[in-house]
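A short worksheet on the structure shown next.
Chain letters run A, B, ... following the sequence lines, proteins first, then strands; residues in each count from 1.
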There are 6 protein chains.
Amino acid sequence: MELTHINEEGRARMVDVSTKEETLREAVAFSRVYMKRETLERIREGTIKKGDVLSVAQVAGIMGAKNTSHIIPMCHPIFISGCDLIFKMNFEMCCIDITATVKNTGQTGVEMEAMTAVSVAALTVYDMCKAVDREMIISDVMLLRKRGGKSGVFERKG
Amino acid sequence: MELTHINEEGRARMVDVSTKEETLREAVAFSRVYMKRETLERIREGTIKKGDVLSVAQVAGIMGAKNTSHIIPMCHPIFISGCDLIFKMNFEMCCIDITATVKNTGQTGVEMEAMTAVSVAALTVYDMCKAVDREMIISDVMLLRKRGGKSGVFERKG
Amino acid sequence: MELTHINEEGRARMVDVSTKEETLREAVAFSRVYMKRETLERIREGTIKKGDVLSVAQVAGIMGAKNTSHIIPMCHPIFISGCDLIFKMNFEMCCIDITATVKNTGQTGVEMEAMTAVSVAALTVYDMCKAVDREMIISDVMLLRKRGGKSGVFERKG
Amino acid sequence: MELTHINEEGRARMVDVSTKEETLREAVAFSRVYMKRETLERIREGTIKKGDVLSVAQVAGIMGAKNTSHIIPMCHPIFISGCDLIFKMNFEMCCIDITATVKNTGQTGVEMEAMTAVSVAALTVYDMCKAVDREMIISDVMLLRKRGGKSGVFERKG
Amino acid sequence: MELTHINEEGRARMVDVSTKEETLREAVAFSRVYMKRETLERIREGTIKKGDVLSVAQVAGIMGAKNTSHIIPMCHPIFISGCDLIFKMNFEMCCIDITATVKNTGQTGVEMEAMTAVSVAALTVYDMCKAVDREMIISDVMLLRKRGGKSGVFERKG
Amino acid sequence: MELTHINEEGRARMVDVSTKEETLREAVAFSRVYMKRETLERIREGTIKKGDVLSVAQVAGIMGAKNTSHIIPMCHPIFISGCDLIFKMNFEMCCIDITATVKNTGQTGVEMEAMTAVSVAALTVYDMCKAVDREMIISDVMLLRKRGGKSGVFERKG
């Protein structure tokens with residue numbers, strides 16, 4: 001009989017976490033959106049035609065965090081117990097810095113939820129402003145900190 | 001009578017495109033994921049525990065493109081007529097470069113679909129590899145090209 | 001350096017519930033759909049072209065309860081352990097009264113799940129019948145009762 | 001042979017609109033949220049803990065409009081070409097009035113999209129404020145106007 | 001410079017249909033659920049605890065058809081202009097036969113929408129009845145007919 | 001007063017599981033896709049135009065498992081702690097056999113998640129190959145095994 005077994009050797013799986021213990025977990029992620037100085041000023045003045053950029057981006061980021069397991073294929077579904085985004089407009093470097101903090105109690109962490117939150121918030125900034133600035137760049141999407149779980153505390157250096 | 005009218009002055013709206021003409025549109029976006037050399041090698045060798053990183057990231061990016069209007073609040077729903085992602089592993093710079101091309105025929109363009117595709121693909125690379133490399137950085141998410149629609153061709157310089 | 005800190009002062013967040021205790025919770029919500037007497041009769045007789053109105057509305061309400069955290073931006077994702085909707089046709093007042101009971105065990109309550117269930121069920125009644133009655137009104141969407149959690153029992157008067 | 005044919009006689013279907021012509025369509029819907037005077041004042045002052053109520057409700061309403069065909073079972077999927085919500089705070093009657101205008105070009109109308117937008121926006125107001133006011137009531141959810149399509153203009157009286 | 005180009009040679013893409021013409025399309029798919037005679041009788045009598053099996057399965061099938069492009073990764077998003085499911089209870093063979101007809105006007109067909117509709121309807125039958133019959137089998141999921149598009153009419157033999 | 005009470009007697013509900021205990025649960029489901037020998041060979045050779053069939057099907061199956069409670073109306077939302085799919089190409093019988101194992105710790109089991117995973121994976125195989133083989137049949141979708149929960153171990157015979 002001709003049989004070709006597939007998997008074992010490299011195809012995707014959602015790894016089993018059923019024996020991991022439930023702990024309080026927190027992750028903080030970061031993203032940055034570079035733009036023209038004029039775009040940044042219009043965001044501050046609230047004169048972007050599609051509306052108040054940062055309040056829409058904030059809602060988008062939080063909803064993105066909740067959608068993470070539907071967006072990222074091998075991500076476990078998770079209960080988020082809290083999500084907060086902070087935006088800083090930096091006129092010197094002409095960028096907006098976005099930080100997301102996500103918390104949960106569970107068997108897997110919330111790194112991806114925080115990473116997704118800052119990415120979706122940054123994409124929303126792009127969408128709201130693209131009519132006036134197509135050359136914006138989303139950059140430095142990274143994990144700043146996490147704690148909880150077997151691997152313990154992670155703190156990004158420098 | 002005490003009435004406070006809200007909107008007009010800055011809240012979000014999904015702008016009306018009903019008088020725009022239907023044209024063939026195309027957008028190409030880019031993202032880059034920096035990682036340790038060892039991580040890149042494990043991706044190439046197919047020894048990441050969660051599975052074949054790039055084939056999962058590719059599916060994720062395409063599904064992300066289709067989900068764009070649910071992820072980005074002020075984005076119009078749209079029919080995507082084609083979506084293709086290309087991954088390049090760059091061992092010199094220790095990064096993976098992701099390019100997404102999205103096409104449609106419609107009243108609005110597909111820039112956000114392409115931007116979302118490369119972001120979701122990059123986040124998926126992060127998710128698949130984060131157990132071995134938490135310090136990966138997603139960077140240079142940007143629009144490379146678009147054509148179609150009133151604003152015509154956009155080509156990023158440099 | 002020019003920096004503008006945003007948040008703290010009024011932007012949206014999903015409040016942190018990670019220190020709240022898990023308790024058994026229940027919420028009961030209500031909605032009412034006013035319609036023409038003839039419409040109500042056609043629902044009872046099962047002669048609405050789109051199908052059996054109340055059985056579709058019931059499925060819609062239950063699925064709406066499960067979708068609540070994707071529909072309501074600052075709502076926590078939650079595990080619903082039970083959901084039941086009851087419909088009463090009131091021929092005297094020419095309306096359908098909808099009651100939804102939702103249960104869960106968790107750190108946050110299910111008020112929004114119950115409120116969303118009765119709203120979605122009412123909207124579905126509207127959708128199924130709008131070809132024969134565009135003037136239907138959805139009204140009295142409110143929380144009747146809740147129990148469980150720190151704030152304890154709430155019972156609506158009157 | 002024992003066969004029981006089901007359907008024809010009353011089960012749900014998504015009615016065939018494939019022979020209807022594509023026209024420009026518009027629908028305007030309304031909802032009202034009654035609340036305590038104190039709640040209304042806190043919304044105006046921006047002192048609700050979960051954030052700026054109306055800007056979150058506006059984003060929720062627009063995303064709700066885009067989600068309509070996933071929320072309402074027999075609703076056709078549709079391209080929305082524009083969506084705008086307006087909120088009026090009425091201190092005399094202690095309520096917030098919500099109006100949503102939705103446009104599209106297609107074979108079916110956007111009544112349900114407008115009705116869903118005002119319902120989801122109202123539910124979001126409830127969610128944002130329920131910690132200080134559980135007795136809010138959502139009321140008068142109705143279609144104000146529609147035009148386009150075979151049935152032409154509908155204008156609600158009084 | 002060390003570069004490894006990936007794609008071209010076998011990774012997934014959503015094929016470009018932007019040059020295909022819009023035509024009226026229709027697809028009919030089939031599925032069958034085998035079960036114990038007693039289960040079939042309880043469905044007919046309406047004594048399954050979770051509710052009226054076939055009316056829930058019908059709503060599920062229609063919503064499944066609308067969700068197809070979110071469930072099947074390489075499937076194009078599509079406007080369904082009509083969807084109808086028919087259930088036949090066959091007491092001789094102890095099974096329920098499900099047929100779904102889906103229509104649209106577009107650049108790609110609706111085979112996958114019809115196939116998804118009958119699969120989701122069959123899974124719903126399983127879910128509603130599994131407490132009394134875990135050994136049900138879903139079988140014969142296939143395309144019966146399609147028309148429209150470049151490949152023209154397909155009619156399954158036998 | 002004319003009142004017609006509806007429910008109790010047969011409409012759908014999501015049954016209350018709030019008093020069931022949390023246990024570790026596992027379910028294994030199966031599906032089979034019959035196809036032409038040539039189609040099977042093209043899958044093995046990787047010459048299907050839409051891409052690598054089995055790796056896309058695997059991602060689809062896992063995402064389908066996570067989406068189960070949104071696809072199946074009366075299904076409880078659930079945390080999946082692991083999901084793995086295995087594909088076997090059978091050249092003798094000209095079919096692909098799909099097995100999905102899903103785990104969770106919760107108040108309800110994961111039978112539907114496993115059944116949905118194998119169904120969605122099979123539908124994805126169909127979608128990827130339908131351009132070369134419209135006559136494929138999905139068959140034998142069934143539960144092989146489950147354990148955990150009040151009803152204990154279930155093992156399908158023969």
- Please test C:Glu111 against D:Arg134 for side-chain contact (heavy atoms from CB on, under 4.5 Å), starting from the C-alpha separation and ending with a verdict. CA-CA 9 Å; C:Glu111 293 100 307; D:Arg134 275 212 179 73; 3.2 Å; yes
- Message: Please determine whether the number of non-hydrogen atoms from other residues, nucleotides or ligands lying under 6.0 Å from atom CD of D:Glu21 exceeds 12.
- Response: no
- Message: Could you check whether atom CD of C:Glu22 has more than 12 heavy atoms from other residues, nucleotides or ligands sitting under 6.0 Å from it?
- Response: yes
- Between C:Arg13 (side chain) and D:Gly51 (backbone), is there a donor-acceptor pair under 3.5 Å? no
- Please confirm whether the backbone N or O of C:Glu135 pairs with a side-chain atom of D:Arg156, one donor and one acceptor, at under 3.5 Å? yes
Spatial distance of atom [atom1] ([X]) from atom [atom2] ([Y]) [nearest 0.5 Å]:
X        : Y        : atom1 : atom2 : value
C:Thr68  : D:Asp127 : OG1   : CG    : 9.5 Å
D:Asp140 : C:Ile137 : CG    : CD1   : 6.0 Å
D:Leu143 : C:Asp133 : CG    : CG    : 11.0 Å
D:Phe30  : C:Ile138 : CZ    : CD1   : 13.0 Å

- Provide the closest heavy-atom pair for C:Ala60 versus D:Ile71 in the form atom of the first, atom of the second, distance. CB-O, 4.3 Å
- Item | Minimum-distance pair of heavy atoms, taken over all atoms of C:Val120 and D:Ile72 | O-CD1, 4.3 Å
Is chain C contacted by the side chain of [X], its backbone, both, or neither, given a heavy-atom distance below 4.5 Å?
X        : result
D:Lys146 : side chain
D:Val15  : side chain
D:Ser119 : side chain
D:Met136 : backbone

- Steps toward side-chain contact (heavy atoms from CB on, under 4.5 Å) verdict (D:Lys130, C:Met112): CA-CA 9 Å; D:Lys130 71 179 192 294; C:Met112 288 318 299; 4.1 Å; yes
- Quick one: does C:Ser139's side chain get under 4.5 Å of D:Val141's, heavy atoms only? no
- Message: With chain D as the partner, which of C:Met74, C:Met142, C:Arg32, C:Met128 has the greatest number of non-hydrogen pairs under 4.5 Å?
- Response: C:Met74
